[in-house]
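Lettering follows sequence order; numbering is per chain, from 1.
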Amino acid sequence: MHDTPPPATSPRPGGIAARARAAAGPAYLQGLNPEQSRAIETLGGPVLVLAGAGTGKTRVLTTRIAHILTQGLARPGQILAVTFTNKAAREMKERIGKLIGESVEGMPWLGTFHSICVKILRSHAEAVDLKRDFTILDTDDQIRLLKQVIQAADLDEKRWPARQLAASIDRWKNRALTPDKVPSGDAYAFAGMGDELYKAYQARLKTLNAVDFGDLLLEVIRLFRENPDILTSYQDRFRYMLVDEYQDTNVAQYLWLRLLAQKDEPNLCCVGDDDQSIYGWRGAEVDNILRFEKDFPGAVVIRLEQNYRSTSNILEAASHLIAHNEGRLGKTLHTKGDAGDKVTVTCAWDSEEEARLIGDEIERLQRDGESLDDMAILVRASFQMREFEDRFITLGLPYRVIGGPRFYERAEIRDAVAYLRATMQPADDLAFERIVNTPRRGIGDATVRTIHDVARARGIPMMQAALELTESEELKAKARNSLRSLMESFARWRGQLDALPQAELAAIILEESGYTEMWQRERSADAPGRLENLKELLRSMEEFESMLGFLEHISLVMDTESGDDGEKVSLMTLHAAKGLEFGTVFLPGWEEGLFPHQRSLDESGRAGLEEERRLAYVGITRAKRRAALFFATNRRIHGLWQSTAASRFLDELPEKNVEVVDTGSLRTSGGGYGGGYGNSRFDEREPFASTYSTPGWQRAQKNRERTANSNPWKEPPMLEGEVLARSTGTDSGYSVGERVFHQKFGYGRITAVDGNKLTVKFDHSGPKRVLDSFVEKH
DNA sequence: TATGAGTCTATTTTT
DNA sequence: TAGACTCATA
């Protein structure tokens, strides 16, 4: 987005300013700050650009490319520019086009890691035992294939779910581990067969002439390693290499880059921000960026610290927060903008009130003339969205959810695509299996198994096996006839491939196969929407040159541009918000356990906490003018009401940039829960201060200090003391059978004690799990 | 093959 | 609590 100020005013010919500008260099270099200029003009050898939030990262990247091109240092085909998402690639193309004032269709090597790998693999497929028309499997295909592998190994699918194996394999591939390299500890995890199953899966992929996403990288690495001549040809070709979001690269991507950059003075420019690394759980290695100078000796490190996005209050709050992280390269962001409003922290009674407060504030801002498009609510976990959606619907406030299920991931789209794949590529067993009995045509599990067995035994594709089975007596008459008719249809469709435009043929296929009819008959509420999606699919096909081109596109690009209609508030997860910016940002749910998320702390200890903190940093730095943080003191988690404590991150914000909001509604918000006690601990004038002076909070503080002062290099368990909302194993001072009083639920009797968590059977509201610090002995 | 009862499990998600 | 999913049963 526009993370930099607009370029200087258009040149007036002949003026002093114009002459001065001409002396200063080409127009695209105008209006840059010194660091940005350096990042663009430092061209010999490796460069690492540490670009803080809102410092003009994309501008540097695109201008650098424009600069290389206009200086005649390389032709478009000699520049490799890698991004993570298609969206980022698209954006870069557009912006370069604007900069050099012509089409950049000539930048064939600007794309995602994956799309560039596909391109390389297609031209050298044979070298890695693939055919040129190999299929790319997505997660869904992958899981179905793994199910078969698990079955073949005679393992209980329940105990060893395919999903989990898929996740493991994914992790291994992220770390560039082939089956023989899987560490024994990891392999042991899957009934001691992890590596074997992985190997079997890879073998199946090869026979299917297919690769999964991870393979795209790994196969190219293998290609380069086993064929030095091919590697050299690419090293020579890519005179300049640029990588966006370097902090998000995983081991495989790193190795891939390293191979290409294996020459003297590689012109490699990596742009990233270690403070915005939030994808560690997906295999990203912050370490890659932290280690850059060691990996690429002689590297020039340039820091972009001038922020063009946020007010200084927002910037200082975010900077102070992120300074609590240890493993970082360190940057000091500054802005020339004004102080602006302070970052607000508001305490709500529960998530419902939180949504109400935010909804009210949005309406107020709207009345003051702010655009809904310029406001966003960023949540830690998607379940939080529901409360806001409910609230916005009752208010009639238009909103859009960003993220969520993608167009091409919907069942009806995947079915339709499977029909097309099976038509185009008769050897695509997975596609065939998916639709052979959809709509139901009497080809049940037993028949499919027979086809499968024949195919496996003879080493032929299922489609061919099916064809042969229609001519034998092996299948029951009914199944055989049904199968024959389906095979005839496929033959017919294939015959029309060259005669008809792809969208038209696709329409015929969906019609004749009975697929459309299946949804027309279905009378469930979402059937019309699905039919609409199918139409949308056909429409989008028209833009492609051929059916094959279309299929290639959707296997890599899983999103579609959805038309935007009217002003809307945006609702999304913090992860989805990276790279975006809004005038006003609402950040609800800043509570221990939710943010930082308990699971992150449990699974990754200190590293997990630091990643959560970076997430918080990303959240705050999305805001241009206003950042409003919220936390609720009560939240329903898995159906149980839990008292929650304010996030430690709130405590890590600098007081001078933060304003605590007293909503006034706090004092009366206790109503409705057994009534009569309205004694909220936010009764005092300042809810923020009072939160921070409750016994629970203070004890948490003490625990934190104590553990922080003890040997910090101790094993992760040291975190336990820091973490409030989990069992600490310490004696809570309560025992089963005791009577207690809880501010929200009233009187009750303890039925179980688990560390600092108590299960209390409340007289009026039944059994609940609560933290010991929120009840009193009675 | 359609349905209901019972069970399980609840971050973040791109390619 | 709620949703997804499995499994048995008609």
Exercise for the section: Hey, can you tell me if F630(A) and F586(A) have their rings parallel, tilted or perpendicular (30° and 60° cut-offs)? Expected result: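 Rings of F630(A) and F586(A): tilted, 30 to 60°.
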Indicate, with a heavy-atom threshold strictly under 4.0 Å, whether [X] touches base, sugar-phosphate, or nothing.
X       : answer
Q253(A) : nothing
R386(A) : sugar-phosphate
S382(A) : sugar-phosphate
Q142(A) : nothing

Handout entry: Short N-O contact, E389(A) and R386(A), less than 4.0 angstrom
Key =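 Salt bridge flag = no for R386(A) with E389(A).
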Practice task
Please determine if K173(A) and D212(A) form a salt bridge, counting it only when a charged side-chain N lies under 4.0 Å from a carboxylate O.
Solution key: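 Yes, this pair counts.
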Exercise for the section: Ignoring the backbone of R380(A), work out which of dT11(B), dT13(B), dT15(B) is nearest its side chain. Expected result: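 Closest of the options to the side chain of R380(A): dT11(B).
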Pairs under 3.5 angstrom, nitrogen or oxygen only, protein versus nucleotides 6-9 of chain B, please.
none

Nucleotides 2-5 of chain B: which of its N/O atoms have a protein N/O under 3.5 Å away?
none

Exercise for the section: Return the set of residues passing side-chain contact (heavy atoms from CB on, under 4.5 Å) with S485(A) (not counting sequence neighbours), or none when no residue passes. Expected result: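 None.
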Problem - side-chain contact (heavy atoms from CB on, under 4.5 Å) involving M518(A) - partner list, sequence neighbours excluded - result: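 By the side-chain contact (heavy atoms from CB on, under 4.5 Å) rule, M518(A) matches T438(A), P439(A), Y515(A).
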Handout entry: dG3(C) to dT12(B) separation - P atoms, rounded to the nearest Å
Key =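 Those two atoms are separated by 15 Å.
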Handout entry: Along DNA chain C, first and last positions that approach a heavy atom of chain A under 4.0 Å
Key =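 So the contact region on DNA chain C extends dT1(C) to dC7(C).
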Problem - salt bridge (Lys or Arg N to Asp or Glu O under 4.0 Å) pairs, two or more places apart, involving residues 249-258 of chain A - result: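 Of all non-adjacent pairs touching residues 249-258 of chain A, those that pass salt bridge (Lys or Arg N to Asp or Glu O under 4.0 Å) are R258(A)-D295(A).
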